[in-house]
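Keep in mind the model is a prediction, meaning the values are calculated, not measured.
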Amino acid sequence: KVVYIDTEGSFSLDRFTQMGGSESKLKTILLLDVHDWNEQHACVISLEKLCEQDKIGLIVVDSVVALYRVEMDQGQFQRLNKQLATQYAVLSRIARKYKIPIIVTNQVYEKGEGVELTSRMIARYWSKALIELKKADRPGHRTALVRKHRSLSEDRKIDFKIVEKGLEDVV
């Protein structure tokens, strides 16, 4: 089973089908649709119990900071950072204890001539690998850049394009 925590309502059934998803594969996805920061926090905290009870093969959190940013605008800096670090700690513990890969998407903002992760220090500390996805000059083309990894050099990259049936290498 795959646990998909959707904080932005962005899970696309059409795209899932285009990339090879079927009705039977869809039944293996536990889609958790959260609507506010407190709901997200409770959801992530409860994942460990879910992993004890069920055979989970992947956890996706898309996006870990969307609701964090909404709350941050209300000035809850210290509490939110503590809760975000706790969520990352829980996800890290699950990954190690149950050997489950975890994909966390994060939002970025412009800083000078580059981009920076929202919650940059917390995300950098807890993440084992950071991959930046960038739009390329041509429509549908993207570049994936390694920004942090245990065994791959930084700035290693691959170019690909998004097509109706999924992803294709760009040579």
Peer 1: Could you please spell out the steps behind the side-chain contact (heavy atoms from CB on, under 4.5 Å) verdict for Val90 and Ile45?
Peer 2: CA-CA 7 Å; Val90 167; Ile45 298 300; 3.9 Å; yes

Peer 1: Does Val146 reach the side chain of Lys157, with side-chain heavy atoms less than 4.5 Å apart?
Peer 2: no

Peer 1: Quick one: CG on Leu50 to OH on Tyr98, what's the gap to the nearest 0.5 Å?
Peer 2: 10.0 Å

Peer 1: Any link between Leu80 and Tyr125 through a network of hydrophobic side chains (Ile, Leu, Val, Met, Phe, Trp, Tyr) touching at under 4.5 Å?
Peer 2: yes

Peer 1: For Ile100 and Cys51, work out which heavy atoms get closest and say how close.
Peer 2: CD1-SG, 3.7 Å

Peer 1: Quick check: closest heavy atoms across Trp37 and Val64, and the distance to 0.1 Å?
Peer 2: CZ3-O, 3.7 Å

Peer 1: So, for Glu164 and Gln18, which heavy atoms are closest and what is the spacing to 0.1 Å?
Peer 2: O-CB, 2.8 Å

Peer 1: Return yes if some donor-acceptor pair links the side-chain N/O of Thr86 with the main-chain N/O of Lys82 below 3.5 Å, else return no.
Peer 2: yes

Peer 1: Answer with yes or no whether the hydrophobic clustering places Ile131 together with Ile102; edges join I, L, V, M, F, W, Y residues whose side-chain heavy atoms lie under 4.5 Å apart.
Peer 2: no

Peer 1: Are Val44 and Ile56 in one and the same hydrophobic cluster, where Ile, Leu, Val, Met, Phe, Trp and Tyr link if side-chain heavy atoms are under 4.5 Å apart?
Peer 2: yes

Peer 1: Answer yes or no: is there a side-chain heavy-atom contact under 4.5 Å between Leu32 and Tyr4?
Peer 2: no

Peer 1: So which heavy atom on Ala66 is nearest to which on Ser63, and how close?
Peer 2: N-OG, 3.5 Å

Peer 1: Once rounded to the nearest 0.5 Å, what's the spacing between atom CD of Gln53 and atom CD of Glu48?
Peer 2: 11.5 Å

Peer 1: Before you tell me yes or no, could you show the steps for Leu31 and Asp6 under side-chain contact (heavy atoms from CB on, under 4.5 Å), namely the whole-Å CA-CA distance, both residues' side-chain angles and the distance that decides it to 0.1 Å?
Peer 2: CA-CA 7 Å; Leu31 182 61; Asp6 187 358; 4.0 Å; yes

Peer 1: If we ignore hydrogens and angles and just use 3.5 Å, is the side chain of Asp159 paired with the main-chain N or O of Thr143 as donor and acceptor?
Peer 2: no

Peer 1: Between Lys25 and Val2, does a side-chain contact (heavy atoms from CB on, under 4.5 Å) hold up when you go through it step by step?
Peer 2: CA-CA 10 Å; Lys25 288 180 184 175; Val2 173; over 6 Å; no

Peer 1: Glu132 and salt bridge (charged side-chain N to carboxylate O under 4.0 Å, His left out): which partner among Arg142, Arg156, Arg147?
Peer 2: Arg147

Peer 1: So which atom in Leu133 and which in Ala144 form the shortest heavy-atom distance, rounded to 0.1 Å?
Peer 2: CD2-CB, 3.6 Å

Peer 1: From the options Asn81, Thr118, Asn106, select the one residue that forms a side-chain hydrogen bond (donor to acceptor under 3.5 Å, both in side chains) with Tyr68.
Peer 2: Asn81

Peer 1: Whether the Gln87 and Gln40 side chains hold a donor-acceptor pair (N or O, under 3.5 Å, no angle test) is what I'd like checked.
Peer 2: yes

Peer 1: Going through the checks in order, is the side-chain contact (heavy atoms from CB on, under 4.5 Å) test met by Leu91 and Leu47?
Peer 2: CA-CA 8 Å; Leu91 294 169; Leu47 283 177; 3.7 Å; yes

Peer 1: Write down the atom of Pro101, the atom of Leu58, and the distance for their closest heavy-atom approach.
Peer 2: O-CD1, 3.4 Å

Peer 1: Please answer whether the main-chain N or O of Arg124 pairs with a side-chain N or O of Lys148 as donor and acceptor at a distance below 3.5 Å.
Peer 2: yes

Peer 1: Is Lys161 close to Arg138 at the side-chain level, that is, under 4.5 Å between some pair of heavy atoms?
Peer 2: no

Peer 1: With a 4.5 Å cut-off on side-chain heavy atoms, are Asp62 and Ile5 touching?
Peer 2: no

Peer 1: Any chance you could measure Leu67, atom CG, to Thr7, atom OG1, to the nearest 0.5 Å?
Peer 2: 5.0 Å

Peer 1: Taking side chain as C-beta onward, heavy atoms only, is Ile94 less than 4.5 Å from Ile59?
Peer 2: yes

Peer 1: Flag yes if Trp126 and Val104 sit in one hydrophobic cluster, no otherwise; membership is Ile, Leu, Val, Met, Phe, Trp, Tyr, and two members link when side-chain heavy atoms are under 4.5 Å apart.
Peer 2: yes

Peer 1: Return yes if some donor-acceptor pair links the side-chain N/O of Ser12 with the main-chain N/O of Arg15 below 3.5 Å, else return no.
Peer 2: yes

Peer 1: Could you state the interatomic distance from CG (Leu167) to CZ (Phe160), rounded to the nearest 0.5 Å?
Peer 2: 6.0 Å

Peer 1: When rounded to the nearest 0.5 angstrom, what distance separates NZ in Lys1 from CG in Asp54?
Peer 2: 4.0 Å

Peer 1: Side-chain heavy atoms nearer than 4.5 Å, only ILVMFWY residues, links allowed to pass through others: does that put Phe16 and Ile103 together?
Peer 2: yes

Peer 1: Nearest 0.5 Å, please: how far is CD in Glu52 from NZ in Lys97?
Peer 2: 5.0 Å

Peer 1: Keeping the roles fixed (side chain from His41, backbone from Glu39), state whether a donor-acceptor pair exists under 3.5 Å.
Peer 2: no

